[in-house]
Visitor: 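Got a structure for you, questions after.
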Amino acid sequence: MAEGLTGRGASPVGASVPPGEPLVRIRGLRFAHGERLLFDGVDLDIPRGGVTAVMGPSGTGKTTLLKLISGQLRPASGTIEVDGQDVHRLGRAALYRLRMRMGMLFQSGALLTDLSVFDNVAYPLREHTRLPEAMIRKLVLMKLEAVGLRGVQAQLPATLSGGMARRVALARAVALDPDMILYDEPFTGQDPISMGVLVSLIRHLNDASGLTSIVVSHDVSETLSIADYAYIIADGRVMEAGTAAEVRASRSEWVRQFLDGLPDGPAHFHAPAPDLMRDLLGEA
Amino acid sequence: MLDPLARLGRSGIAALARLGEAHLLLVGLLGGTWDTLVRPRLLIAQVYGIGVLSTLIVVVSGLFVGMVLGLQGYYVLSQFGAAESLGIMVAASLVRELGPVVTALLVAGRAGSALAAEIGLMKATEQLSALEMMAVDPIKRILTPRFYGGLLAMPLLAAMFSAVGVLGGYFIGVGLLGLDGGAYWSQMQAKIDFSDDIVNGVIKSVVFGLVVTWIALFQGYAATPTAEGVSRATTRTVVHSALAVLGLDFVLTALMFGE
Amino acid sequence: MARTRTIEILVGAFMAAGFVALFFLAMQASNLSSAPAGDGYRLTARFDNVGSLKVRAPVSMAGVRVGRVEGIAFDGSTYEAVVTMVIDPQYDTIPDDTFANIYTSGLLGEQYIGLDAGGSPDYLGDGDQLIHTQSALVLEQMIGQFLFSKAQEGAQPQ
């Protein structure tokens, strides 16, 4: 059933696949970081116009996945298509054209430290458009207003809190009105209030401008509360896929452990090790 | 038994790969020339960071080196009754060797390490990736202006070093030790050749400027994006720059002054 | 904006200082100010032996520098050294019977050409040749002559 819907290629493992042509289509992705195999044949579809969550334990390569989608890293094998274009077959100029349609929110915000908040948000506009300065000012102020931080436009990023820096970075990511935004762990290390602000901002921005959002996170409840679709990846494979409700109701033992945060289960509390007694009694 | 051999081979291959990466970066830097030319504002900011901020240390060092040369030169030359040649000795050693070399070492310590740390931190805090994602090439926009800033600042700093050093030697030799001021200058003018000495000194400092900024930018750009990686990159910048400058100085001297 | 302007001014001052330093080195500390690049008129002279005379060595009259050596060549037919020198244009009254000698400045100094003015009313012009020349003194020859004359002095009284 799923194969009929997506048209070409095999569909991801999930039961219900989002309808319509996906914006991002990943097939047979393999990627190794040094000796460690991060992805071993991952298939993933990101539908247009929704919020898709990609969740998994720390160290499963969720950030790497975003870097692969945006063409900053090259897979060992497999293809990643964004809007029908194979990201890793594009030349530099074409890749940059594609990236102008993507925004990315980095974990740290990644604001340019020697520019003010205003100049940071204005940076992509000044780089890629020939708009007059008055127009840029209006656009920047509107973007900053959307994230509620018009008041700090003259400050340097170093004076902002982590949550505010992330919101400024979000304003910068949407400055060029992209089609898609990639969020790298947007909730990590946030106090409950700024977490709540970010959660609603992501949903609100997505719906207000008809974006496609990919949220990579291991904060299960916050992420699922705003996601339309969700993937859970671990051990280099897709463990579960489907709508947020379907994933939440998953019966897979492993997924249950991850979602409910149980200390022991299919993923063990102990790292693989020889028998404790033998280790203790053996010669040092 | 073959393990040490394999380890040697592995480190050799790794070093070669790094050298290759460094050269790719250099090609990228040269490729950003046009982008830097159309944005002179970025270049000015870097000439400030590398040149203006290094001026004080370079000028003060130049003054002291010149004064030491004046003292030492006087003691040696006066034993041969050739104290009038002090001007030649001070000027020749400054313009040919000490000016370009000491300036390059000072700039590597003062500005090169700062460059490596800055680029390394931008990498560690994902600023370089963020630029990539904004479809802006960080090599062209961030690294190339710094490269040309260093290339431009180095010969000017070396000239200041030599000029101040010559004045320092004059101060010691003529002001303190009572040599004839006219002899100091005229001997210098008679023996220091514009194209052989001064132009060659400038060529040296341009080469050193290229090498020092290139090493600093590469170490920053290739740094492991952690606090430890950045600190290692700054250390390496100073060590590699010093070795490269001294080694290249020998080669350039042999090419320029060895007939 | 004020900060940008300060930086621009400082960079301007820095570059000006750098160029001033270069200019100072070029004019005050090197021979650039005293070398009129190539203009002047050329004279040639033939010597049996130029010793260690170098290109760019000074040419002086009465101890004043009037020009410099531009080229040293070997004439294969006469087995002589042909020295071309450039004389600064203001010194255009050198008599055509002037003597050209190769002198050494000091005991171990460099060699230079000294011109001893003659008494002729005609002056040398561009491309002319100095007829009267005296070669460089070669230390070994001098010592050899000295020993030879001493030996003869010792032999005569008997």
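The structure presented is a predicted model; accordingly, all values stated were derived computationally and were not measured. To find a chain, count down the sequence lines: A is the first, B the second, and so on, and within it residues start at 1.
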Visitor: Given heavy-atom pairs under 4.5 angstrom as the criterion, report whether the side chain, backbone, both or neither of B:S162 touches chain C.
Guide: both
Visitor: Is any side-chain heavy atom of C:E8 closer than 4.5 Å to one of B:Y48?
Guide: no
Visitor: Might you confirm whether atom CZ of C:F74 has over 12 heavy atoms from other residues, nucleotides or ligands at distances under 6.0 Å?
Guide: yes
Visitor: Side chain, backbone, both or neither: which part of B:I198 has an atom under 4.5 Å from a heavy atom of chain C?
Guide: side chain
Visitor: First locate atom CD1 of C:I9, then atom CD1 of B:I44, and finally report the distance between them rounded to the nearest 0.5 Å.
Guide: 11.5 Å
Visitor: At a heavy-atom separation under 4.5 Å, does B:I88 approach chain C through its side chain, its backbone, both, or neither?
Guide: neither
Visitor: Is B:V59 close to chain C through its backbone or its side chain, or both, or neither, when contacts mean heavy atoms under 4.5 Å?
Guide: neither
Visitor: Is chain C contacted by the side chain of B:L152, its backbone, both, or neither, given a heavy-atom distance below 4.5 Å?
Guide: side chain
Visitor: B:V166 and C:L25: which non-hydrogen atoms are nearest, and at how many Å?
Guide: CG2-CD2, 4.3 Å
Visitor: Heavy-atom distances under 4.5 Å only: say whether C:F19 touches chain B with side chain, backbone, both or neither.
Guide: both
Visitor: Is the count of non-hydrogen atoms from other residues, nucleotides or ligands lying under 6.0 Å from B:F171 atom CZ greater than 12?
Guide: no
Visitor: Please classify the contact of B:A153 with chain C as side chain, backbone, both or neither, using a heavy-atom distance under 4.5 Å.
Guide: both
Visitor: Under a 4.5 Å heavy-atom cut-off, does chain C meet the side chain of B:V52, its backbone, both or neither?
Guide: both
Visitor: I need the minimum non-hydrogen distance between B:M160 and C:G18, along with the two atoms involved.
Guide: CE-N, 3.3 Å
